[in-house]
Amino acid sequence: MSVRSHQQHPKVRNVFNLDFPNSDHLVKTLTVVTGPDMVNLTYHNFFAYKEKVTQNWAADILSIAYNPSRNNACRQVFMEKIQFKLHSSLSLAVFISILSIYKMFPADKKRVEGALASAHLPKGKGDTMKPDVFTEAAFKLFLMSLCPRPEIYEIFTSYSAKAKPYMTKESLAKFVNEKQRDSRLNEELFPRFRPDQVKALIEKYEPCSSNSNRGQISPEGLLFYLMGPETSVVILDKLAKCQDMSQPLPHYLIKSSHNTYLTAGQFSGVSSPEMYRQCLLAGCRCLELDCWKGKPPDEEPIITHGFTMTTEILFKDVIEAIAESAFKTSQYPVILSFENHVDSVKQQEKMANYCKTIFGDMLLMDPLDKYPMKPGLQIPSPAELMGKILIKNKKGSHGKPSQACPKKTEESEQPIVTASAGQEPNQTGPTNPEDQCGTAGQEVTAYEEMSAIVNYIQPTKFISFDNSRKKNKSYLISSFVETKGESMISKTAVEFVEYNKRQMSRIYPKGTRMDSSNYSPQPFWNAGCQMVALNYQTMDFPMQHNMSLFEFNGRTGYLLKHDLLRRSDKKFDPYCERIDTIVANTLTIKIYSGQFLSDKSVKTGVEVEIIGLPGDPKKKYRTRWSTTPNAINPVWNEEPFVFEKILLPDMASLRVVVHEEGGKFLGHRIIPIEALQSGFQHICLRSESNMPLTLPALFVYIEVKDYIPAAFAGTVQLLSVPISRKRILICMLMPNLDVESTPVADPAIAPVPPSEPSSSDPAPEDSTPPDDNEEPSTVPCEELLQHKSFLKVTKRQEKDMKELEKKFQKKGEELIQKYSDTFKALKKKNSMKKKDHTAGMK
């Protein structure tokens with residue numbers, strides 16, 4: 001969604017006479033642009049009576065539409081949206097149409113009819129009801145009848161008292177601390193749930209007041225808790241701006257777009273300035289402008305894909321669109337990647353003047369005093385460049401511009417295989433259609449006017465890693481076609497990572513992707529490449545991954561690279577199988593069930609995978625297809641899927657995809673491992689364009705633990721049990737002690753130290769060396785039993801035992817009295833009913 005207060009639609013400009021001199025109508029217009037993706041858009045035009053009204057509306061709508069917490073809301077919020085939507089479908093008679101409920105849940109009309117009857121609501125398609133009848137309680141009852149949750153009852157009974165329809169406060173505390181808490185957290189810094197916190201949960205979610213008053217929770221209350229914000233699958237703090245933004249620009253991944261102007265294919269697609277607005281509002285911070293010389297008589301520079309059938313748009317219109325939307329959703333710097341084919345002094349001057357006049361103070365004209373452009377010095381940070389637009393354009397002499405070799409659009413910045421890869425620096429290796437110079441034209445170096453606005457982002461032809469290291473200029477950037485980038489990573493990964501610590505690289509799709517498909521960005525992020533440019537008009541899996549990742553850190557469009565990809569004293573190989581300074585993770589996920597996965601009654605299945613380093617688990621797990629055509633509440637409840645060794649969790653993501661039996665995509669979710677919340681979770685699914693889907697969701701159990709090699713698993717398991725841990729420690733200290741027959745109460749129990757040697761004793765060096773076969777001295781069991789620490793603990797345990805006996809004796813007496821009174825009351829009530837029945841018969 002985009003919102004703008006300057007109306008661009010020509011018909012609207014005509015109707016309201018927006019171009020009339022001294023007209024103030026323009027500042028009173030508002031356009032809201034909506035759509036399922038960035039290409040298929042609908043324009044809603046509004047006209048306000050005051051300029052301030054337009055500005056307030058624009059600001060409020062944008063803050064709602066691009067709020068990360070809104071898109072990552074818990075299941076409860078999405079259910080509230082459904083109820084609100086049904087309430088908002090009031091007819092003229094202010095009644096809710098039952099037909100709208102059938103339309104909302106079209107997968108199984110018979111089930112909808114039965115659920116309406118169970119909730120005591122009208123069920124005829126022509127029926128209506130008053131809004132006060134369709135209350136929150138009635139809506140919840142309807143949903144629970146429509147979508148029963150047997151798996152919730154299964155979980156509930158495993159923690160509730162035997163054959164009891166409720167879970168006590170103590171049982172709920174045990175459930176929350178065992179299942180909903182990350183086991184890796186330190187208990188001192190992140191303490192377990194306290195009784196008062198558990199009580200607050202019961203009061204918040206238990207629908208039955210009598211249960212709530214007694215500190216009990218029903219299966220329905222547990223379900224509502226598992227749909228609430230406390231069990232969000234995403235750690236919400238990660239969504240906010242939480243990373244250090246004061247490091248040099250090359251230390252960040254930057255959300256980047258390729259051929260931003262295109263709305264479809266690379267050969268015959270339509271170009272549009274609106275794509276620049278949509279990309280910027282989506283948090284994109286690097287945009288591409290393919291600039292070409294305009295034709296007489298206007299000689300206005302244009303943007304298009306050269307020597308193709310793509311349409312042309314004016315350079316000026318694009319600059320205006322960028323100026324309007326550059327900093328609406330992120331204040332961090334925007335980089336404009338100019339691919340300049342304009343070999344006219346006059347038209348290059350026009351381009352430079354448009355940038356200066358339209359961008360104004362937003363354009364970074366000169367380097368900052370604190371960061372001169374000298375070898376060995378880094379360029380500024382995103383924080384220091386906030387609100388600034390940087391131009392990436394070839395910067396050369398101020399005479400006639402030098403021309404690159406005729407090539408495919410960006411090939412002048414394409415790398416040459418280095419000597420370290422087995423070739424001389426001047427060798428290009430075997431040619432292929434993707435690496436040869438194409439027919440898109442000649443990119444030229446800037447004349448004086450354009451050169452003046454280029455500073456920290458200067459493109460240069462890549463020669464070799466050694467050459468770049470010797471130059472040591474952090475403001476130089478090279479672009480690599482995806483195939484060349486992949487080749488460099490496979491052959492010289494460590495050197496590529498080192499290069500990206502010092503300066504920036506840009507990756508772009510190969511020329512044969514005429515359908516505007518995308519390559520996987522993950523291998524390039526693994527190597528620290530900053531600008532991994534994708535085709536934003538195609539919402540395929542790589543774009544879904546890109547959109548999901550950059551949703552974090554406040555949607556700034558910048559993500560701080562991992563420590564290993566920034567530190568000059570550390571070398572990192574993306575293909576390694578072990579990282580000494582990082583604790584690997586094991587991720588376990590169990591798919592329990594799905595809710596409202598499709599509008600049709602079909603069989604569905606779930607696919608789960610990890611996206612990360614090459615050494616991470618590669619296996620894709622799949623559930624079986626649901627046993628019956630049921631998209632409303634399919635249940636799988638299969639064995640958990642285990643991803644045993646995730647080498648670098650901070651750079652890996654979990655991907656969950658739902659398909660129907662024929663293979664049709666139904667929904668997905670991609671979440672970074674570091675942002676995953678452990679426990680039972682509802683994963684609200686996303687569309688192909690990564691927009692939240694209101695109804696579809698999966699119910700899963702997720703557990704993220706530190707990876708333990710199989711050889712040490714038994715020891716670690718024993719150490720996790722306090723008694724076992726004490727026994728192991730005593731065995732290590734006293735190997736000859738019969739631990740099984742010795743009571744172990746406290747780790748304070750230790751062997752009695754030997755007496756101090758007297759001054760008359762011979763020096764240690766004169767003592768006779770001990771015989772190897774001599775058995776080490778140990779403390780007798782009787783002495784340990786008399787140790788003061790052991791006696792103290794035993795005494796405390798006896799005291800606690802007596803107190804517990806008194807407590808439960810009193811509680812038992814109270815319960816006997818309570819149930820005795822209840823039984824008497826029931827007996828009395830039954831006898832009264834019999835008397836009334838007898839009297840009625842007479």
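- Not a single salt bridge (Lys or Arg N to Asp or Glu O under 4.0 Å) links Asp573 to another residue, sequence neighbours left out.
- Every residue was checked against the salt bridge (Lys or Arg N to Asp or Glu O under 4.0 Å) condition with Arg181, not counting sequence neighbours, and none meets it.
- For residues 534-547, no pair satisfies salt bridge (charged side-chain N to carboxylate O under 4.0 Å, His left out), with sequence neighbours left out.
- In this structure, the salt bridge (Lys or Arg N to Asp or Glu O under 4.0 Å) partners of Lys501, at least two apart in sequence or on a different chain, are Glu498.
- Within the structure, ring pair (Phe, Tyr, Trp, His ring centres under 6.0 Å) contacts touching residues 550-576 (residues at least two apart or in different chains) do not occur.
- Applying the salt bridge (Lys or Arg N to Asp or Glu O under 4.0 Å) criterion to Glu178, with sequence neighbours excluded, gives no partner residue.
- With sequence neighbours left out, the ring pair (Phe, Tyr, Trp, His ring centres under 6.0 Å) criterion links Tyr475 to no other residue.
- Listed by first and then second residue, the salt bridge (charged side-chain N to carboxylate O under 4.0 Å, His left out) pairs that reach into residues 546-558 are Glu551-Arg686, sequence neighbours excluded.
- For residues 660-669, there are no salt bridge (charged side-chain N to carboxylate O under 4.0 Å, His left out) pairs, not counting sequence neighbours.
- Applying the ring pair (Phe, Tyr, Trp, His ring centres under 6.0 Å) test to residues at least two apart or on different chains, the pairs with a partner in residues 638-659 are Tyr621-Phe641, Tyr621-Phe643.
- Residue pairs meeting the side chain to side chain donor-acceptor pair (under 3.5 Å) criterion with at least one partner in residues 639-653, sequence neighbours excluded, are absent.
- Cation-pi contact between Arg285 and Tyr252: absent, since separation from the ring centre below 6.0 Å together with deviation from the ring axis within 45° is not met.
- Counting only residues at least two apart or in different chains, side chain to side chain donor-acceptor pair (under 3.5 Å) contacts with residues 674-683 comprise Arg149-His682.
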